[in-house]
Amino acid sequence: MAQEGTKTAKTIVDEGIEAGLARLTPERIEAVIQRVLNREAGARLKTYARTCVHCGLCSDACHHFVSMNRDPKLSPAGKVKRTIGVMLQKKGRVSTDFIREAAMVAYSECNLCKKCVLYCPFGIDVGYLMTLVRRICHLLGVVPRYMQDTAHSQSVHFNQMWINGDEWVDTLFWQEEEARDEVPDIRIPLDKEGADIFYSVIGPEPKFRAQLIYQAAMIFEAAGSDWTMPSMPGWDNSDLCMFSGDSEMMGRIKRAHFDAATGLRVKRIVMGECGHAFRSVYDVGNRWLGYKMPPLPVVHAVEFYHDLVTTGKIRIVKKFAQPVTLHDPCNIARGMGLYEKARELAQALCETVVEMTPNREHNICCNAGGGIINCGPPFKDKRVEANSVKAKQLFDAKALGAEVVIAPCHNCHGGLEDIIHHYGVEMELKFFGDIIYEVMEKPA
């Protein structure tokens, strides 16, 4: 890895943030901050604010801090102190310049990955605190332009890629036709009532990675699964509104997802390989709607594939030959504890698995999750440069023989792809579905 020079912060001007700031008044800023701090946050915020002793033990958990010259302002405690800490201290009486900085910190310098929580002696959840800052910014209309455009797509079409109903169904028919070149009678069942599995994906799959739907259909067929996909809104399980701070729209998106599944009377939801979508369905959006847990079982692809392979529902003909390393997505590693099942699955599919260090719940975030990649091109260089520690981790795994990175999450793919290209790592990226499709016995 080439020696890097001293890193300095670059000024980024975002159209969405600047347009929102231009509409603000001191009175509106104060009213919105007071609303969130006093009516939406409550005892949890007060406990965290009174408990943090600024010991710094959280600092080394943050890839932004470690990658950017160990700048104290980029430590988790530092980010809290210079955003919501100031809001509490000044009771919401802050300037537009302060809101600009708070938005930059919350949207582009914290992935909400919650690794720092593992190292805090008091268990303070910095991800939650940064989510409150994002909530305030959303209510003030100060959101990065590209993220807000994506949120607008979800408010109109209930998916993040501006895909209308006909385009979605046409894509499924197209992938079914492609799969029939291999298996003449294969189907992608639409709106099948009473199926065991309701399969949902994120918007970028039909838009950019339609082959993943093809591969999933082949895996379901080989396993003899009873499954369906919906034709109506609710098929996209992703949720950028959860990251922009638009909790109301997040609730509508999750309601559509659950309604599509329960309306078909399926037994469970199986989700494709996405981390933040799983978080929104299993841990955040469901609770906003008043569910302690989702209204029906939710299974991430890693857990589903693990079951198919370990129970023999699909047969592995020949293991994947290239040495692989495994990236742990934050939302299914720390968020769901699927890191051991991911390893067992990788071992069952691949001849050689090389561990990155650290791993499992101590993984280094891809720096694309938490909505940061959805802030768009203005933030790309900042995002990649603020994760040189991930590049080093990939180089170390490559030195041990790894040629392929398995990353069971779409945002992780986007983030890792940018890191690989920027730092010249020269490794290939794959989903678990890619590997399974390649090594399994195909259906007759």
Side-chain angles (χ1 to χ4, degrees), residues 158-159 163 165 168-206 209-238 254 256-274 277-278 281-282 294-316 332 338 341 345 408 410 431-444:
F158 286 87
N159 70 77
I163 298 171
W168 162 244
V169 174
D170 285 348
T171 300
L172 296 183
F173 286 159
W174 165 44
Q175 289 308 299
E176 182 180 86
E177 289 175 3
E178 291 287 313
R180 284 183 173 179
D181 289 339
E182 284 194 81
V183 182
D185 296 328
I186 196 171
R187 296 291 308 276
I188 296 180
L190 284 182
D191 300 332
K192 180 181 178 182
E193 292 193 13
D196 174 42
I197 294 166
F198 174 98
Y199 184 58
S200 63
V201 299
I202 73 169
E205 287 204 16
R209 299 181 186 268
Q211 80 280 1
L212 296 178
I213 299 174
Y214 172 120
Q215 291 173 1
M218 295 291 287
I219 292 169
F220 284 126
E221 182 75 9
S225 300
D226 177 20
W227 69 296
T228 191
M229 297 187 82
S231 65
M232 73 288 287
W235 59 264
D236 182 358
N237 53 36
S238 65
K254 293 288 88 73
H257 189 67
F258 291 137
D259 284 354
T262 56
L264 291 175
R265 298 184 293 108
V266 298
K267 296 180 177 63
R268 55 180 172 157
I269 296 172
V270 171
M271 305 180 69
E273 295 181 63
C274 182
F278 184 79
V281 172
Y282 186 81
L296 68 169
V298 176
V299 181
H300 187 270
V302 166
E303 188 170 13
F304 178 68
Y305 292 152
H306 179 274
D307 175 69
L308 294 185
V309 172
T310 58
T311 60
K313 291 176 183 174
I314 59 175
R315 192 173 76 85
I316 306 306
I332 64 168
L338 292 179
K341 286 190 174 181
L345 180 58
H410 279 267
F431 292 94
F432 270 120
D434 294 323
I435 304 286
I436 294 172
Y437 172 77
E438 186 169 333
V439 303
M440 74 178 185
E441 182 179 66
K442 300 296 192 298

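Quantities reported herein were computed from a predicted structural model and do not represent experimental measurements. Position 1 is the first residue of the sequence, and the numbers go up from there.
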Are Phe158 and His257 close enough that their ring centres sit under 6.0 Å apart? no
Quick one: does Asn237's side chain have a donor or acceptor within less than 3.5 Å of a partner on Ala277's backbone? no
Where do Ile186 and Ala217 come nearest, in terms of heavy atoms and distance? CD1-O, 3.7 Å
Flag side-chain contact, heavy atom, 4.5 Å: Ile435 against Tyr305: no
Heavy-atom check, side chain of His410 versus side chain of Glu205, under 4.5 Å: yes
Are the side chain of Glu273 and the backbone of Ala301 linked by a donor-acceptor contact shorter than 3.5 Å? no
Examine Lys192 relative to Phe198 and say whether NZ or CZ is less than 6.0 Å from the centre of the six-membered ring and inside a 45° cone about the ring axis. no
With a 4.5 Å limit on heavy-atom distance, are the side chains of Ile332 and Met271 in contact? no
By side chain to side chain donor-acceptor pair (under 3.5 Å) - contacts of Tyr282 (at least two apart): none
Quick one: pull up CZ in Arg180 and CD in Glu182 and give me the separation to the nearest 0.5 Å. 13.5 Å
For a quick test of reading the model, state the closest non-hydrogen atom pair linking Gly203 to Ile163 and the distance between them. O-CD1, 3.8 Å
Any Asp236 side-chain heavy atom under 4.5 Å of Ile202 side chain: yes
How about Met218 and Pro443: do any of their side-chain heavy atoms sit closer than 4.5 Å? yes
Hey, could you give me the CG/CG distance between Asp307 and Leu345, rounded to the nearest 0.5 Å? 11.0 Å
Quick one: does Arg187's side chain get under 4.5 Å of Glu221's, heavy atoms only? no
Please report the shortest heavy-atom distance between Leu190 and Ser231, naming the atom on each side. CD2-N, 4.4 Å
If we only count heavy atoms from C-beta on, is the Phe431 to Ile436 side-chain gap below 4.5 Å? no
Main-chain N/O of Asp226 paired to Asp196 side chain as donor or acceptor, under 3.5 Å: no
Is the closest side-chain heavy-atom distance between Val298 and Phe278 below 4.5 Å? yes
Smallest separation among heavy atoms of Val302 and Lys341, with atom names: CG1-C, 4.4 Å
Looking at Phe432 versus Phe304, is the centre-to-centre ring distance below 6.0 Å? no
